[in-house]
Every structure is written in C-alpha cells, then in structure tokens.
Visitor: 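Here you go, one structure.
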Amino acid sequence: MQRNRNKKVDAFAALLKQCTNLTNLTQTHAQILRLSLHTNNSLASTLVTLYASLRSPRHAHRVFSSVPAPALSLFNRAIRAFSKTPSFPSNPIKLYSQMLRNRIRPDNFTYPFVLNSCAALSCPKHGSEVHGRILRTGFCGYLPVCNALIDMYGKCGLLGLAWKVFDEMPVRDVVSYNAILGAHAKAGVDMESARRVFDEMPERNVISWNAMLVGYVNGGELELARYLFDRMPERNVVSWTTMLVGYTKSGCLELGRVVFDTMPERNLVSWTAMITGYAQNGRPGEALRMFRRMEELGMKPDAVTMTSVISATAQLGGPEMANFIESYVDKEMIERNERVLTALVDMHAKCGNIEGACRLFREIPHPDVFSYSALIVGLASHGHGSKALEVFSRMRGEGVEPDCITFIGVLSACSHAGIVDEGLRYWEIMVKDYKIEPVKDHYACMVDMLGRSGRLDEAFEMVKSMPMGPRPEALGALLAACRTYGNVEIAENVALKLLELEPDNTGNYSLLADIYASRGRWDDAARVRVVMKEKRVNKLPGCSWVEVPPSRIRADTALQVT
DNA sequence: TTAGGGTTAG
C-alpha cells in the first residue's frame, strides 16, 4: 500500500516537472487532490515552488495550508517562495514563527530567505531576533547565512551592525563584500566609503560594478556613472537598466530611450523602467504605447509595471480607460498591493470617478501618506472640501505624518469649501507642527483661497511675503481673483510682474484686458490687446499625445496629434 | 546569500 503510494508520488513529481503554465499546473494539482496526495510534503513543496514561480501566491498559500504537518523542507520551500512577495499575508516571517511553534528547527536554508523578508519589510527588530537564534544554534558558520545578515542590516540602514557581522566572519567571499558595498553605495550619498570597499575587495564581479553604478546613479552623478559604465569589464541587463534609469530619472528621456533601444537584452524591469520614465516626465501617451508594445511581445506586466501604467492613465484621464485598466489589473491577477491601490485611487479621482476612488481607498489595509494624500487631493479637486478635511483628521488620528503634498490637498480643500480661517489654521499647523517649509504651490493655494473669498489685500500680502519671490502660480491665482472682484489696482500691479515672468502666456494678457474692460476702461483693454499682437502672442493650439477619436475632439481645440 | 523598475502635487 505504502509502496504503491510512493510510486504515485514519484509519478506526480515527474508530471509536475513538465508543468509550464498555470492551466496544466492546476490540472495536475486537481488530480493530486483527488488521490489525497496533497498532504505529501514533497509534492506540496514542488507545488508551492511552482505556483510561486507562476506568480500565484494565493494558490501556493492554499497548498501549504492544506498540509497538516509541514516538514522542514516544505517550510523552507514555502519561505523561499513567499520571500518574493513579502507583503503577502503568509509572509516568510509568519511562516518562520509557525515553524518555531511547531518545534521544527530552522536550518541554513531557512535563514537567508527569512532575513531577506526582514530586509524587504524593513523589520530589523525581527532580523536581530533571527540573528540571535543563528548565534545560539551555531549557524553563523554558513557563508550565505552571514551574507544575508550583512544584507539585512545594510538594507535596514544599520551599517554598524552590518560591519560587525562582516568583521567577525572568519571567511568572506565576493558576496559578503558585495553586500557591504551595496549597503554603502545604495543611497549614493557615501560613495567614498563604497569606493574604499570596492578598491579593497580581493575579487570583483559584475554585481560589484553594478552596485557602484547604482550608487552614482542614485547620487545623481550621471557623468561618473557613464564613465564607469563605459569601462566595466562586463555588462549585463542590470547594468544597462541602471544606466537607463539614470537618464530617465534626471529627465534625459531621449538618452534613456537610446540606451533602451541599444541594450542587447531587455527584461520586465527594463521595460518598466522605460514606461516609468515616460510616465514620470509628463509623456503618458508614450508610456502607454510602450506598454502596448511590451504586451505584444508577450511580456506580462507585474505590480510595479502596472503602478506606472495606472499613473500614466491617470494623467490622460477618461473614465472608460480608467475602468479598462482596473479590470485589466483584475484579469491579469496583478497583486493589489498598497502602491497599486494608491495609484488606482488617484487614477479614478483624476478620471472623474471619486466614488470609485473612495471604494478603492477602503481596500487599503494600512493607508500611508501617499494613499491618504491621493484621496485628500482627489476629494478636494472634486469640491468635497469638508470630506477631504475629515479624511485628513482621520489620517492624523492614525498617526500617519502628512507631507507637503497632503497640505496642498488640505489647503485647496479649504479653498474650495470657502473656509478661509480654517485654511489659515492649517497653514499654521503645517509650518509650526509639521515643520513643512511652504513652497510656491502652497502659496498659490493660500492666495487662491484668500482671493476667492474676496480678501484681496491679504492675498496680495501673502504674495509679497513669498521668500522665493512672487511666482506665476500665486500671481495667476491673485489676478483671477482680481477679475472676479473687479480690483484694477492690485490687478495692474500683479499683471506687470506676471508678464515679466511669463511674457509668452496669453492667458495673463487676456485676463488683464478683461479686467480693464469690466471696469469700462476700454482704452486700456485695447492697449493690452495691441501689446499682445506686437509680441506675436497668439493662442497656442491644444496639443495631445494620444490619438483621440474625432467625436471627442472639442470644436474649439485645434488638435495636433503626434 | 550580493546589483536594476513603483504610488500622492493650486
């Protein structure tokens, strides 16, 4: 009987090896379940690994939890599988605690992956507990275990502890050096120390060179990065992608595109980097075109890719497109992590569906400053000022620290709700409690708020108090308020400054001419129009990056399709 | 076991 069962297990193990997609894997899994072989540790281990490699952590979790007494090997395979999706509910740290409760002793294959998750979740507390156990059980003699410790402390920013592990190791390999090098280079702020490690290490591989490259890129030292890139003894897809990111992050999209087009091989990360480059530099149409090309090549996006695709869609607007993208996320089983959900909240808000934005926000288990800000800004721009302020107060109650963008939402909420004194109070809170230095956009919000409610003198004072000098955003808001309330005196003052800063912006000339006209000062209005003509300032045609169906082209917009 | 891609902006 037992022998027969073992035979079947072997047969299924062989069958599983041939499963290359989710369809035939689930079919084989179904047969395993029918014969009640799913409690077999070895089959369950293979299933968990395969589901994880096909990016189906939910299936993997179901397999794992249906085994009543998981053995060490199954724990190890599951921990390894889930270390790729550390934010998933059954994360390696939980599995590790479970194995200790089950009195199963972790070994040298367990620790590196658990430590990886501690690093990914930035949990040095758990990490040092694991460290303690490693020391007590004598596993510090294993190179991969110590290397993972260096990496974990380095990624959590505890460089002293990383060095302590490094220094106490009797034997080190290139991985140990790379881990400590990466810890210094990553942020790009201490490249001198990184350089010292790099120069002193006994042996270097492509990973060591890439770690230095990343450091220069993240520190904004693009020329040094390029110098290094050109002289590397060996380059792989990571080196090329890092260089590509260097260019796109500093706004050199065209150079980034050249790198992308010339790199010898591209993977999902390279495609995502290029898509993100376009999305973050105001070229959402180009981002979506790249995404389509990537799909046509059969490359499946992941959560990171989709975050940028969603952000690009948000910039283009349109409720149909927003709904399409959301159902795409569902259909392709993209992990709905915090960043994906935040991007979806923002997208729906920008595409006019604030209810959809609120619905998605409720799905976020622990909203952070990004998620709260996206919702607050969204509510404010839809005119739900008091609802935005409610969300802000809930955010503070939850202990989430607002940032400068949150306050842009809060101040514009006050502006739209017409509650000026509240707005002034929030300004105080921003500056005094949160020590946030107001930037030009905050001033623009305040000027807009004071101006809308007719407090033009205070708005003017606000403009004059700007430490960076009057900026077009704030001046424009004040000029608009001057038109609403017919205040020519301030308007002339403001317009003069504004035209000096933005001589090519037609809106400013028109606004001033309108103000003169509304007060019956026809000669002055005409004078502005003449100046406009002399400067050859003509209305700029509307411009779009995407093909728009003819029915949606507004009659008053000259469309320049690129 | 070591290197690359992500969300919020009057």
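The chains referred to below are lettered A, B, ... by the order of the sequence lines, with proteins before strands, and numbering in each begins at 1.
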Visitor: Is there a residue in residues 414-430 of chain A whose heavy atoms reach under 4.0 Å of DNA chain B, and which residues are they?
Guide: none
Visitor: Looking at residues at least two apart in the chain, or sitting in another chain, which of them share a ring-ring contact (aromatic ring centres under 6.0 Å, His included) with A/Phe291?
Guide: A/Tyr328
Visitor: Within residues 256-269 of chain A, which residues have any heavy atom lying less than 4.0 Å from an atom of DNA chain B?
Guide: A/Asn267, A/Leu268, A/Val269
Visitor: Partners of A/Thr110 by side-chain hydrogen bond (donor to acceptor under 3.5 Å, both in side chains), sequence neighbours excluded?
Guide: A/Asn76, A/Asp107
Visitor: Going by salt bridge (charged side-chain N to carboxylate O under 4.0 Å, His left out), name the residues that satisfy it together with A/Arg195, two or more places apart in sequence or in a different chain.
Guide: A/Asp199
Visitor: Taking only residues two or more places apart in sequence or in another chain, which ones pass ring-ring contact (aromatic ring centres under 6.0 Å, His included) with A/His184?
Guide: A/Trp163
Visitor: Heavy atom of residues 376-392 of chain A under 4.0 Å from DNA chain B: which residues?
Guide: A/Val377
Visitor: So what does A/Ser239 hit on the nucleic acid, given a heavy-atom distance under 4.0 Å: a base, only sugar-phosphate, or nothing?
Guide: nothing
Visitor: Going by ring-ring contact (aromatic ring centres under 6.0 Å, His included), name the residues that satisfy it together with A/Tyr426, two or more places apart in sequence or in a different chain.
Guide: A/Phe392
Visitor: Under 3.5 Å, is there a donor-acceptor pair between the A/Asn91 and A/Ser117 side chains?
Guide: no
Visitor: Provide the full list of side chain to side chain donor-acceptor pair (under 3.5 Å) pairs with a residue in residues 401-415 of chain A, sequence neighbours left out, each pair given once.
Guide: A/Ser373-A/Thr406, A/Asp403-A/Thr406, A/Ser415-A/Asp448
Visitor: First and last nucleotide of DNA chain B touching chain A, 5' to 3', heavy-atom cut-off 4.0 Å?
Guide: B/dT1 to B/dG10
Visitor: Of all residues at least two apart in sequence or in a different chain, which pass the ring-ring contact (aromatic ring centres under 6.0 Å, His included) check with A/Tyr247?
Guide: none
Visitor: Using side chain to side chain contact (heavy atoms under 4.5 Å, CB included) as the criterion, list what pairs up with A/Ile408, not counting sequence neighbours.
Guide: A/Asp441, A/His442, A/Cys445
